[in-house]
Number of protein chains: 2
Amino acid sequence: MSDTRTQILDAAEKFIRRGGYNDCSFREIATAVGIKSASVHHHFPTKQDLAAAVALRYTENFLVILGQPLSAGATVKDEIARYCALFRSAFVAGGRACLCGILSNEAALLPELVKSEVAAFAQANVTWLGKLFADEEVETARRKARFIYSSMQGAIGASALNQDVRWLDDAAECIFRGVL
Amino acid sequence: MSDTRTQILDAAEKFIRRGGYNDCSFREIATAVGIKSASVHHHFPTKQDLAAAVALRYTENFLVILGQPLSAGATVKDEIARYCALFRSAFVAGGRACLCGILSNEAALLPELVKSEVAAFAQANVTWLGKLFADEEVETARRKARFIYSSMQGAIGASALNQDVRWLDDAAECIFRGVL
DNA sequence: GTCTATAATTTGATAGAC
DNA sequence: GTCTATCAAATTATAGAC
């Protein structure tokens, strides 16, 4: 992978996380990288190719950090804490929400190729979380997995909006201690 | 308020909830209402005027339904259930996420006027929820309020993405029963 | 791989007639 | 209050030289 290609992906991710799919333009990416927009098209022919590549790389990095659930004899609580901490570090790195959470919110206008990459991220997250509750009833496990994932997306979005990591910390705390 | 003005607000809300601020154009609104884009500008001079009016109307309707917390001697559980049900009905009406949740995710590219209306919606929600926990320690109450609000935003976003109300139902269930 | 140049489209916004 | 006509700017994308 050429260095230019990586720089393009970096810039594209930055702009999508700033304002979504439509806030990421070939010209602005080109300026950020120090080339012209026609050169960006050389690496990624269309915008959906570019956005899909950004989402794929984001998902892969995310899953590598997560690893296999409960692999090292960790407890369920340990793993949930680690999961919440991953969203936390995704936020504090640049003060932005989750790439795939942002793209999810504009699914109706995304090209099919991009939408399927975003759906794959959500699916992978829920599958990973579901394995933590493997000893519970299957539908209960799925419910908890869906809840933890969507809660984290809501919390990282609120943290980004208010530029305040407390929203993520509050969510982790309430998931552990309960609300009622 | 003229009927045309209401129709414009209806169309604008529909398009913003479909794909965000940039997916809402004067020309498409005009076509939906049956007039020309220049006539839309007569009612709302700039796009930020229009989007701010949409967000204000959305917030007012939302708060009217919520009413005063615990006013009729309802329990905390009753009120939380009612709060969750309001997000549920906001979804099932059109299969879309919350208007202000969607706009929140692109805060970086919103005009100041729109951003402040969106912030007002979040503030009003958290304030309303906070009153439910008035007998708890103040910081605990705020934490729970922030969590319930951001959880609902995450859940309605996931329900809209997957066109499946289960994500909202799962969130309500887990808020009541806890995860761990 | 990068460039210049440009095509085709869409956008928010305005002027002025009726 | 609505219209026609138009502008200036931005967008994705392509052709072809170097």
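Just so it is clear: chains get the letters A, B, ... in the order the sequence lines come, proteins before strands, and each one is counted from 1.
- Summarising the geometry of P111(A) relative to Q48(A), their closest heavy-atom pair is CB-OE1, 3.2 Å, with the distance given to 0.1 Å.
- The distance from atom CG of L50(B) to atom C1' of dG12(C) is 12 Å, rounded to the nearest whole Å.
- To the nearest angstrom, P of dA13(D) lies 8 Å from CD of Q48(A).
- Between dT2(C) and H43(A), a contact under 4.0 Å exists linking OP1 or OP2 to a side-chain N or O.
- What you find for K115(A) and A107(A) is that their closest heavy atoms are CD-O, 3.6 Å.
- Rounding to whole angstrom units, NE2 of residue H41(A) and P of dC3(C) are separated by 13 Å.
- For dG12(C), the OP1/OP2 oxygens have a side-chain nitrogen or oxygen of K47(B) closer than 4.0 Å.
- Where R27(A) and G34(A) meet DNA chain C, the nucleotide closest to each residue was compared, and G34(A) sits on the side nearer the 5' end.
- Rounding to whole angstrom units, CZ of residue F15(A) and P of dT11(D) are separated by 11 Å.
- Checking the phosphate oxygens (OP1, OP2) of dC3(C), a side-chain nitrogen or oxygen of S39(A) falls inside 4.0 Å.
- Checked against the 6.0 Å centroid threshold, F15(A) and Y21(A) do not count as a close aromatic pair.
- Between M152(B) and C84(B), the shortest heavy-atom distance links the atoms CE-SG, 3.7 Å.
- Within the nucleic acid shown, S25(B) comes within 4.0 Å of sugar-phosphate atoms alone, with no base atom in reach, counting heavy atoms only.
- What separates CG of D49(B) from C1' of dT14(C) is a distance of 15 Å, to the nearest Å.
- Here the P atom of nucleotide dT11(D) and the CD1 atom of I29(A) are 11 Å apart, to the nearest Å.
- Taking atom CG of L110(A) as the reference point, atom P of dT12(D) lies 14 Å away to the nearest angstrom.
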* To do: Would you sort out whether Y83(A) and W128(A) count as a ring-ring contact (aromatic ring centres under 6.0 Å, His included), showing the intermediate values?
  => CA-CA 10 Å; Y83(A) 184 80; W128(A) 189 93; 5.7 Å; yes

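- Considering only side-chain N and O atoms, S37(A) lies nowhere under 4.0 angstrom from the phosphate OP1 or OP2 of dC3(C).
- Checking the phosphate oxygens (OP1, OP2) of dG1(D), a side-chain nitrogen or oxygen of H42(B) falls inside 4.0 Å.
- Put simply, CG on D23(B) is 12 Å from C1' on dT10(C), counting in whole angstrom units.
- Looking at the side chain of T4(A), the nearest of the listed nucleotides dT2(C), dA5(D), dA15(D) is dT2(C).
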